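The shown structure was predicted, so the numbers you read here are calculated from the model rather than taken from an experiment. Both counts, for ligands and for their atoms, begin at 1 and track the order of listing.
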Amino acid sequence: MKLLIDDANLDAIKDIVSLYPVDGVTTNPTILSKAGENPKDRLLKIRDLIGSDLDLHCQVVASKKEEIIAQARKLVKLLGANTYIKIPASGEGFKAIEELTKEGIKITATGIYSPLQAFLAAKAGAKYLAPYVNRIDNLGYDGLAVTRKIQNILEANDFEAQILAASFKNSNQVLDLAERGVGALTLSPDVFKGLVNDRNVDFAIKTFEDDFGRILGEGQTFSDIL
Ligand code: G3P
C-alpha cells in the first residue's frame, strides 16, 4: 500500500517526508489555492522537493474533454515521470481518461462518491480511483463501506485500477483501509501525525532511555560507547 501526503505546503511535506515512509504527494485545486503561490511554480517546487522517484498527483481544472486532455499533456510534460493526472470521474472525464490512458498518461480518477463512478473510471483505464471517505461520511453515507465496495468491484472485474482513498479525518478510517489493503491512501499532515499519537508510546520510549541511563549515566546511550 502506498502512502501519500495530501498537501502543497512545502514545510509540511518536508516534515512528513523526513519522518514517515512516504510514496508521494497529492494535490487538488483547493490545496494549491491554500499554498498562495502560482500553482505551476508550487507544483515544480513540490516535484523538486520530493524528487523524480516519488509520485505526484495533480488535478486538471477543466470540464470539457478536449481541455482536460490538453491540460493533462502539459502537466505531465511539466512534472515528468511518476506524475499522475487527477481527473474528476464524471461528465466528459471518463472519455478523457480513456484517451489519455491510451497515450500512456497515468490517471487518478478523483471526486468519487459512489461505487459506480469508480466502476466507470476503472473501465476507462484509470490507474487510481480516489473515493472521498470523510466527505461521503459527511453526506450521511458510509465512506469506508463505499470504498470496500469499490475494492470488491476491482477484484470481481480484474481491473488494473487501484484505490487511492482520500479525505480522511481520523486514524480509525485509515486503520480500516489498511486492514483491507487498498492500493494507496493520501493523508493530510495532521492525520499523518495522528496515526501514532499515543502517550503510552512516548512513556515507553522515555522509560527505555531512563533505564539505559542507569547503567552508563543519565542521558548516555549506545552512541557514547560504540
Ligand atoms: O483531493 C481530495 C481530498 O483532498 C479531499 O480531502 O479533506 O478536503 O475532504 P478533504
**Student:** Would you please name every residue forming a side-chain hydrogen bond (donor to acceptor under 3.5 Å, both in side chains) with Lys77, sequence neighbours left out?
**Tutor:** none

**Student:** For Leu175, which fellow cluster members are found when Ile, Leu, Val, Met, Phe, Trp and Tyr are connected by side-chain heavy-atom distances below 4.5 angstrom, either directly or through intermediates?
**Tutor:** none

**Student:** How many angstroms lie between NZ in Lys106 and CG in Asn82, if you round to the nearest 0.5 Å?
**Tutor:** 5.5 Å

**Student:** Pair up each side-chain donor or acceptor in residues 12-23 with any protein partner under 3.5 Å, not counting sequence neighbours, and list the distances.
**Tutor:**
{"from": "Asp15", "atom 1": "OD2", "to": "Lys193", "atom 2": "NZ", "distance (Å)": "2.5"}
{"from": "Ser18", "atom 1": "OG", "to": "Lys14", "atom 2": "O", "distance (Å)": "3.4"}
{"from": "Ser18", "atom 1": "OG", "to": "Asp15", "atom 2": "O", "distance (Å)": "2.7"}
{"from": "Asp23", "atom 1": "OD2", "to": "Leu3", "atom 2": "N", "distance (Å)": "2.8"}

**Student:** Quick one: which of Glu66, Glu103, Glu67, Glu99 gives a salt bridge (charged side-chain N to carboxylate O under 4.0 Å, His left out) with Arg73?
**Tutor:** Glu103

**Student:** Please tabulate, one line per pair, the protein nitrogen or oxygen atoms found under 3.5 angstrom from a nitrogen or oxygen of ligand 1, with distances to 0.1 Å, or say none if there are no such pairs.
**Tutor:**
{"from": "ligand 1", "atom 1": "1 (O)", "to": "Asn28", "atom 2": "ND2", "distance (Å)": "2.9"}
{"from": "ligand 1", "atom 1": "1 (O)", "to": "Lys86", "atom 2": "NZ", "distance (Å)": "3.1"}
{"from": "ligand 1", "atom 1": "4 (O)", "to": "Asp6", "atom 2": "OD2", "distance (Å)": "2.5"}
{"from": "ligand 1", "atom 1": "4 (O)", "to": "Asn28", "atom 2": "ND2", "distance (Å)": "3.3"}
{"from": "ligand 1", "atom 1": "7 (O)", "to": "Lys169", "atom 2": "NZ", "distance (Å)": "2.9"}
{"from": "ligand 1", "atom 1": "8 (O)", "to": "Arg135", "atom 2": "NH2", "distance (Å)": "2.8"}
{"from": "ligand 1", "atom 1": "9 (O)", "to": "Arg135", "atom 2": "NE", "distance (Å)": "2.8"}
{"from": "ligand 1", "atom 1": "9 (O)", "to": "Ser167", "atom 2": "OG", "distance (Å)": "2.7"}

**Student:** Taking only Lys NZ, Arg NE, NH1 and NH2, and the carboxylate oxygens of Asp or Glu, determine whether Arg214 and Asp211 approach each other closer than 4.0 Å.
**Tutor:** yes

